[in-house]
Amino acid sequence: MSEEIRVRIAPSPSGNLHIGTARTALFNYLFAKKNNGKYVLRIEDTDLDRSSEAFKQNIFDSLKALGLSWDEGPDIGGPYGPYKQSQRFDIYPKYAQMLIDKGYAYECFCSNEDLEKEHEIAKEKKIPYKYSRKCLNLTKEEKDALKAKGIKPSIRFKVDAKELIFNDMVKGELKFDTNLIGDFAIMKSNGTPTYNFAVVIDDMLMKISHVIRGEDHISNTPKQILIYEALGAKVPQFGHLGMILAPDRSKLSKRHGATAVSDFIKQGYLTDALLNFVALLGWAPSDGNEIKNVDEIAADFRINEISSSNSIFEYEKLNWMNGQYIKKMDISKLTDLVLPFLKNYNTSIYSRKQLEHIIEVTREPVTLLSDFENDTYYFFNEPDYTEVDEIIKGDVAKIVLPKFLEQVQNYDFDNEEDIHDKLGELRSYFKENHSFKPKETMWAIRSALTGRTRGADMVATIQILGKDEANKRLKTAINYAQ
RNA sequence: GCCCCCAUCGUCUAGAGGCCUAGGACAACACCCUUUCACGGUGUAGACAGCGAUUCGAAUUCGCUUGGGGGUACCA
């Protein structure tokens with residue numbers, strides 16, 4: 001029983017990588033990692049009309065950004081390629097023919113109109129739809145006649161009535177009555193495989209041992225098992241994950257905001273935080289510490305302990321987690337990530353070291369990388385006093401600012417401690433002589449220097465702005481108050 | 001309609017018959033810290049969907065009801 005563990009993630013390139021798919025990918029990745037298995041990427045593009053190269057690229061990029069790189073895939077190949085279904089079109093008909101020969105499948109000449117009619121009748125009679133098997137017993141002559149007319153058949157799998165049971169890794173025992181299924185198509189009349197067929201053939205040929213996917217695939221599973229059995233192939237283990245729902249409990253879609261991983265990244269979410277957050281949807285760390293990297297999660301991951309219910313995607317915790325990652329991240333790495341969000345500013349006025357300092361002192365309240373744009377505004381732009389008009393024109397500022405301006409001339413700008421001490425002296429001075437609260441003194445100074453009442457540590461701010469800029473801004477503020 | 005899945009604080013979850021007067025995290029609220037906003041710290045409030053059954057004992061097992069989700073294609 002030392003068979004190799006092989007899992008796969010099989011997105012279809014009909015959209016950008018969805019956050020739900022990312023979670024599925026994560027769980028597959030974790031399962032592979034934990035069990036020393038292989039994790040393969042397969043692109044399911046049998047529906048050529050809905051698939052696009054751009055989406056495929058987005059899927060690659062997003063998965064890579066998340067750090068969920070694959071052991072085998074369309075771009076890097078592997079022993080069981082090709083890994084793109086559109087490049088495997090020649091292999092499906094062989095297996096379909098094999099099923100026909102063995103009596104597990106048959107050609108169906110029904111047109112779309114015929115089928116629609118069957119659907120309508122079922123609907124009118126209020127009975128569950130099931131294919132009529134009209135084409136099941138066609139004679140060779142009848143089939144040849146139809147083909148001579150140019151009608152291309154689809155191929156249907158013949159479903160026999162029986163109770164089908166399988167043990168799901170996350171849901172437990174699942175039972176189905178195949179009598180309810182009806183003969184389903186495995187090859188379309190255009191010679192292309194249907195999803196359920198392509199999946200089975202590919203998983204079989206790629207030697208996938210465990211299929212971990214969303215629970216929207218539960219009802220596909222009995223069909224797929226039937227095909228495996230007809231083919232005489234080993235049926236993989238299945239595990240179905242609950243879905244991610246929007247706060248209104250509907251499917252997470254564009255109208256709820258971001259759904260694609262690339263959207264989240266654009267909004268300023270960190271991939272590590274995204275991954276960590278999404279892992280917590282269904283999985284819980286055994287030590288209670290929720291902030292964990294992929295390796296730590298993998299070590300603690302047990303597929304059968306995954307919650308089998310759906311979970312709602314709420315932003316609050318993601319935001320909190322993103323903030324946690326921003327606070328803890330290496331400052332140089334963080335700066336690299338923040339800089340693109342500061343493209344509207346002339347960041348060249350500062351050295352790299354200063355930029356890192358700016359990020360360092362502004363990172364604390366930040367939840368998204370994009371927050372840095374607003375939070376660092378005053379380091380790159382002249383302060384706008386409209387927001388602090390009252391403070392600057394107030395009595396406190398009128399007394400504090402000129403005195404502060406005078407004091408600034410003696411600051412040692414290379415020495416934060418000096419600035420810190422002198423500011424402290426200033427606060428004490430105004431408290432004793434004018435009974436200004438320390439808070440009021442600082443507000444006046446902050447307002448003049450930044451145009452804000454909140455922001456980074458004042459000492460650091462003064463130090464970063466430098467003597468000339470501080471002088472200039474203070475004079476502007478004093479004039480503004482006139 | 002039919003089939004399937006799911007059901008613990010607002011949300012994510014811990015809990016696999018007595019450790020549960022149900023624990024944690026986010027959010028909320030209060031207080032503390034503080035040169036602001038925050039961060040951080042300390043607290044408060046907040047849930048086993050309902051009903052039956054099994055059992056000495058049920059959040060945990062079983063059944064029904066209700067609610068939510070998924071599927072019902074020659075889409076994936």
Side-chain angles (χ1 to χ4, degrees), chain A residues 10-15 44-47 49-51 85 108 110-112 115-116 119 122-123 125-131 152-156 168 170-172 174-177 180-182 184-199 214-222 240 242-243 245 247 249-251 277 280-286 288-291 305 307-321 323-324 327 362-366 375 420 423-424 426-427 437-443 445-447 450 452-459:
Chain A
S12 96
S14 55
E44 309 221 322
D45 55 351
T46 50
D47 187 349
D49 294 337
R50 295 203 310 168
S51 301
Q85 287 184 332
C108 171
C110 292
S111 66
N112 278 328
L115 265 14
E116 266 168 43
H119 269 103
K123 210 172 179 184
K125 288 189 182 166
K126 298 203 169 169
I127 53 168
Y129 170 75
K130 216 175 128 182
Y131 175 62
K152 295 245 190 298
S154 64
I155 298 173
R156 282 183 185 276
D168 190 279
V170 348
K171 303 269 186 194
L174 261 26
K175 277 185 204 163
F176 296 88
D177 179 0
L180 269 11
I181 295 176
F184 58 93
I186 55 175
M187 291 295 290
K188 305 177 198 172
S189 53
N190 67 4
T192 297
T194 63
Y195 164 76
N196 278 126
F197 192 55
V199 166
E215 70 172 34
D216 47 338
H217 286 291
I218 287 184
S219 55
N220 287 323
T221 309
H240 290 94
M243 321 226 50
L245 268 27
R249 293 182 180 280
S250 69
K251 216 182 217 169
F277 173 72
L280 257 19
L281 263 28
W283 170 83
S286 52
N289 180 199
E290 297 186 321
I291 305 247
E305 284 174 7
S307 158
S308 58
S309 49
N310 294 341
S311 39
I312 293 173
F313 190 100
E314 293 271 22
Y315 277 89
E316 277 89 8
K317 194 157 183 174
L318 206 212
N319 289 342
W320 166 77
M321 189 165 272
Q324 292 295 312
K327 274 184 264 300
T362 47
R363 90 213 278 198
E364 203 141 78
V366 163
D375 291 358
H420 177 269
L423 258 186
L426 200 67
R427 281 196 296 275
K437 289 181 197 155
K439 212 189 248 189
E440 294 177 303
T441 303
M442 295 305 284
W443 261 331
I445 293 172
R446 179 181 293 281
S447 298
T450 70
R452 305 268 175 101
T453 54
R454 58 173 93 163
D457 172 72
M458 214 49 245
V459 174

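Remark: A:H420 engages no residue in a ring pair (Phe, Tyr, Trp, His ring centres under 6.0 Å) (not counting sequence neighbours). With sequence neighbours left out, the salt bridge (charged side-chain N to carboxylate O under 4.0 Å, His left out) criterion links A:R363 to A:E360. With sequence neighbours left out, the ring pair (Phe, Tyr, Trp, His ring centres under 6.0 Å) criterion links A:H217 to A:Y195. Considering only residues two or more places apart in sequence or on other chains, A:E290 meets the salt bridge (charged side-chain N to carboxylate O under 4.0 Å, His left out) condition with A:K317. Looking at residues two or more places apart in sequence or on another chain, you find a salt bridge (charged side-chain N to carboxylate O under 4.0 Å, His left out) between A:R50 and A:D47. In this structure, A:T453 has no side chain to side chain donor-acceptor pair (under 3.5 Å) partners at least two apart in sequence or on a different chain. Looking at residues two or more places apart in sequence or on another chain, you find no salt bridge (charged side-chain N to carboxylate O under 4.0 Å, His left out) involving A:E314. Annotation: ring pair (Phe, Tyr, Trp, His ring centres under 6.0 Å) contacts of A:F313 (sequence neighbours excluded): A:F264, A:F277, A:Y315.
Atom name P, nucleotides B:C39 and B:G57: the rounded distance is 49 Å, in whole Å. Taking atom C1' on both nucleotides, B:U54 is separated from B:C64 by 15 Å, rounded to a whole Å. With both ends at atom C1', the span from B:A7 to B:A49 equals 8 Å, rounded to whole Å. Comparing B:C48 with B:A22, their C1' atoms sit 8 Å apart, to the nearest whole Å. Going from the C1' atom of B:U21 to that of B:C31 covers 26 Å, rounded to whole Å. Taking atom P on both nucleotides, B:A30 is separated from B:A38 by 12 Å, rounded to a whole Å. Distance check on atom C1': B:G17 versus B:G41 gives 39 Å, rounded to whole Å. Here, B:C75 and B:U66 have their C1' atoms 33 Å apart, quoted to the whole Å.
For A:R452 and B:U36, the shortest distance from a side-chain N or O to OP1 or OP2 is not below 4.0 Å. At least one side-chain nitrogen or oxygen of A:R249 sits closer than 4.0 Å to the OP1 or OP2 atom of B:U11. Dashed line: the shortest gap from a side-chain N or O of A:K188 to OP1 or OP2 of B:C75 is under 4.0 Å.
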Sugar-phosphate atoms are those with a prime plus P, OP1 and OP2; base atoms are the rest. Using that split, label each nucleotide of nucleotides 3-8 of chain B B, S or - for protein heavy atoms under 4.0 Å, 5' to 3'. SSSSS-

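If you check B:A45 for Watson-Crick or wobble pairing at under 3.5 angstrom, you find it has no partner at all. Taking a pair to require two hydrogen-bonding distances under 3.5 Å in either a Watson-Crick or a G-U wobble arrangement, B:A38 remains unpaired. Pairing of B:A25, defined by two Watson-Crick or G-U wobble distances under 3.5 Å, is identified with B:U11. Using Watson-Crick or G-U wobble geometry with both donor-acceptor distances under 3.5 Å, B:C2 finds its partner in B:G71. In this structure, B:C51 forms a base pair with B:G63, meeting either the Watson-Crick or the G-U wobble geometry with both donor-acceptor distances under 3.5 Å. Here B:G57 sits opposite no nucleotide as a Watson-Crick or G-U wobble pair (both hydrogen-bonding atom distances under 3.5 Å).
In this structure, A:F197 atom CZ and B:C74 atom P are separated by 15 Å, rounded to whole Å.
Taking every side-chain heavy atom of A:P365 into account, B:A38 is the closest of B:U35, B:A38, B:U11. Comparing atom distances between the A:S189 side chain and each of B:A76, B:C74, B:C26 picks out B:C74 as nearest. For A:R50, counting side-chain heavy atoms from C-beta on, the closest listed nucleotide (B:A76, B:G1, B:U35) is B:A76.
A:E215 places none of its side-chain heavy atoms less than 4.5 Å from the side chain of A:V170.
Where A:W283 and A:P438 meet RNA chain B, the nucleotide closest to each residue was compared, and A:W283 sits on the side nearer the 5' end. Residue A:I312 is the one, among A:I312 and A:R454, whose nearest nucleotide of RNA chain B lies closer to the 5' end (criterion: closest heavy atom).
If you check the side chains of A:T194 and A:N196, you find no donor sitting under 3.5 Å from an acceptor.
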Between the protein and nucleotides 40-43 of chain B, list the N/O to N/O atom pairs that are separated by less than 3.5 angstrom.
{"residue": "B:G40", "atom": "OP1", "partner": "A:Q324", "partner atom": "NE2", "Å": "3.2"}

Distances under 3.5 Å between nitrogen or oxygen atoms of protein and nucleotides 64-66 of chain B:
none

At a cut-off of 3.5 Å, list every protein nitrogen or oxygen paired with a nitrogen or oxygen from nucleotides 46-49 of chain B, distance to 0.1 Å.
none

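If you check every strand for non-hydrogen atoms under 4.0 Å, A:C110 touches a base. The residue A:H240 sits apart from the nucleic acid: no heavy atom pair falls under 4.0 Å.
In this structure, OG on A:S14 lies 11.5 Å from CG on A:D49, to the nearest 0.5 angstrom.
Side-chain to base pairing of A:S311 with B:C12: no donor and acceptor N or O lie closer than 3.5 Å to each other.
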